[in-house]
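The block underneath contains the structure these notes are about, expressed in structure tokens.
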Amino acid sequence: MTDSPLKYQPPAGRPAILFRKGAIIAAIKPAGLLTVPGQRERDSLTTRMKEILPDANPVHRLDLATSGIVLFSGDRKTAAALTAGFRERHPLKIYAAWVSGIVQHDFMAMDFPLAKDLERSALLSAPVQKVDYVSGKPALTFCRVLKREPPENAASAPGPRGRTLVLLYPETGRTHQLRTHLRETGHPILGDRIYGNPEGETEQENSRGLPHRLLLHAAFLSFRDPDDGSVISCLSLPDFPTVPDLQRQILAGL
């Protein structure tokens with residue numbers, strides 16, 4: 001984990017448009033780019049989207065370090081309808097992630113209430129969460145294991161713990177929910193500078209052929225078109241190594 005302020009170094013490039021239907025637009029946010037402008041930083045996915053589509057506004061957000069699908073609307077009526085759907089938890093969201101260590105159970109429910117960690121938030125100048133059973137808000141995430149990779153040298157001590165590829169299904173949408181929940185289980189997401197393992201296992205595992213970034217990607221989003229009620233499903237595979245049939249694995253779990 002880090003306790004020094006995080007430096008904003010967003011990647012360059014125009015946003016990739018994944019889907020568009022009328023006033024509904026799905027774009028891909030790269031890791032390291034804000035979804036919306038911050039207090040001190042203007043560059044963001046929204047800022048770049050407005051250069052292409054001036055009326056585009058985000059319906060929801062992804063963490064700075066997370067990549068994947070972000071939904072935009074092109075008018076107020078569509079924005080209101082889509083935002084209401086997200087508030088009522090109607091859309092289905094699926095994330096792909098590599099986590100540190102070997103997750104033993106094929107399926108896992110992570111039901112840990114979350115609250116803001118005021119001390120670490122101040123140190124990092126970022127919204128940091130913690131598990132808080134007294135004043136935390138309910139937060140629930142389901143997890144499904146896709147692939148386990150044991151350590152290359154199981155006899156080494158101390159050493160890498162292996163890694164596991166998982167799909168994550170958040171039932172709630174708290175800040176840093178997936179990252180905090182996995183940290184609480186002892187399997188932090190690889191490349192996580194805020195919630196990573198303090199013994200350095202995250203860094204060791206992330207050196208095994210994976211990019212040096214948070215290995216968390218918003219891969220699937222399904223929701224209803226507010227105009228005609230049809231179901232719209234968007235799929236975006238991550239740019240970090242997964243499994244050859246990840247698309248089928250995601251769709252098979254719906």
Side-chain angles (χ1 to χ4, degrees), residues 5-91 93-95 97 114-118 120-122 124-129 137 139 168 170 172-180 189 191-195 213-214 216-223 226 232 234 236 238-239:
L6 301 178
K7 191 173 182 181
Y8 187 47
Q9 297 177 310
R14 287 167 59 88
I17 306 298
L18 179 66
F19 171 87
R20 185 174 184 183
K21 178 185 178 184
I24 300 173
I25 311 106
I28 303 300
K29 188 187 85 67
L33 180 66
L34 290 167
T35 301
V36 299
Q39 292 182 346
R40 295 180 295 273
E41 306 292 348
R42 173 168 172 74
D43 189 17
S44 68
L45 178 64
T46 299
T47 307
R48 297 180 188 186
M49 282 290 292
K50 285 183 175 295
E51 295 175 355
I52 304 172
L53 303 167
D55 295 326
N57 287 294
V59 176
H60 65 117
R61 303 182 186 186
L62 293 179
D63 295 343
L64 166 69
T66 305
S67 61
I69 303 170
V70 176
L71 193 63
F72 285 80
S73 63
D75 60 48
R76 291 185 179 180
K77 178 182 176 182
T78 303
L82 292 173
T83 300
F86 273 82
R87 189 182 304 116
E88 296 166 7
R89 305 174 189 171
H90 290 163
K93 296 178 284 186
I94 305 175
Y95 293 72
L114 301 179
K116 188 174 183 179
D117 187 330
L118 297 176
R120 293 202 70 219
S121 293
L124 295 175
S125 298
V128 182
Q129 301 293 304
K137 295 181 180 180
L168 302 167
T172 50
R174 308 299 180 198
T175 300
H176 292 185
Q177 175 176 314
L178 305 180
R179 300 165 68 179
T180 312
I189 299 174
D192 197 332
R193 295 182 58 199
I194 296 177
Y195 303 97
R213 50 154 289 197
L214 178 71
L216 176 64
H217 182 81
F220 183 85
L221 179 64
S222 181
F223 57 95
I232 297 174
C234 301
S236 166
D239 61 359

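No experiment lies behind these values; they were computed from the predicted model shown.
For the atom pair CD1 of I94 and CZ of F220, the computed distance is 5.5 Å after rounding to the nearest 0.5 Å. One finds the CG atom of L221 at 8.5 Å from the OH atom of Y95 (value rounded to the nearest 0.5 Å). From L214, atom CG reaches atom CZ of R193 across 11.0 Å, with rounding to the nearest 0.5 Å. Rounding to the nearest 0.5 Å gives a distance of 12.0 Å between CG of L45 and CZ of R61. Rounded to the nearest 0.5 angstrom, Q129 CD and L178 CG are separated by 12.0 Å. Between the CZ atom in R179 and the CG atom in L216 there is a gap of 7.5 Å [rounded to 0.5 Å].
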task = Report the C-alpha separation of L114 and K137 in whole Å, then their side-chain angles, then the decisive distance to 0.1 Å, and conclude whether the side chain to side chain contact (heavy atoms under 4.5 Å, CB included) test is met.
result = CA-CA 5 Å; L114 301 179; K137 295 181 180 180; 5.9 Å; no

request  = Apply the test side chain to side chain contact (heavy atoms under 4.5 Å, CB included) to residues L64 and E41: give CA-CA distance (whole Å), side-chain angles for both, the deciding distance (0.1 Å), then the verdict.
outcome  = CA-CA 12 Å; L64 166 69; E41 306 292 348; over 6 Å; no

request  = Start with the C-alpha gap between L53 and F72, add the side-chain angles, then the distance that decides, and say whether side chain to side chain contact (heavy atoms under 4.5 Å, CB included) holds.
outcome  = CA-CA 10 Å; L53 303 167; F72 285 80; over 6 Å; no

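Counting all heavy atoms, side chain and backbone alike, D55 lies closest to K50 at C-NZ, 4.4 Å. Considering all non-hydrogen atoms of both residues, S67 and H217 come closest at OG-ND1, 2.7 Å. Residues T35 and L62 share a closest heavy-atom pair of OG1-O, 2.9 Å. F86 and L71 get closest at one heavy-atom pair: CE1-CD2, 3.8 Å. Here the shortest heavy-atom pairing between C234 and A26 reads SG-CB, 3.9 Å. Contact between I194 and R120 at its shortest, heavy atoms only, is O-NH1, 3.1 Å.
Around the CZ atom of R48, the shell of radius 6.0 Å holds more than 12 heavy atoms that belong to other residues, nucleotides or ligands.
No donor-acceptor distance shorter than 3.5 angstrom exists from the side chain of D63 to the backbone of T66, with no hydrogens or angles considered. S236 places no side-chain N or O within donor-acceptor distance of the main-chain N or O of I69, the cut-off being under 3.5 Å. Side-chain atoms of K116 never come within 3.5 Å of backbone atoms of P127 as a donor-acceptor pair (strictly under, hydrogens ignored).
Looking at L34 and P10, their side chains never come closer than 4.5 Å, going by heavy atoms from C-beta outward. Contact annotation: the side chain of L82 never approaches that of P91 to less than 4.5 Å [non-hydrogen atoms, C-beta and beyond].
T180 and R174 form no side-chain donor-acceptor contact under 3.5 Å, judged by distance and modelled atom types alone.
Partners of H176 by ring pair (Phe, Tyr, Trp, His ring centres under 6.0 Å), not counting sequence neighbours, listed by chain and number: Y195.
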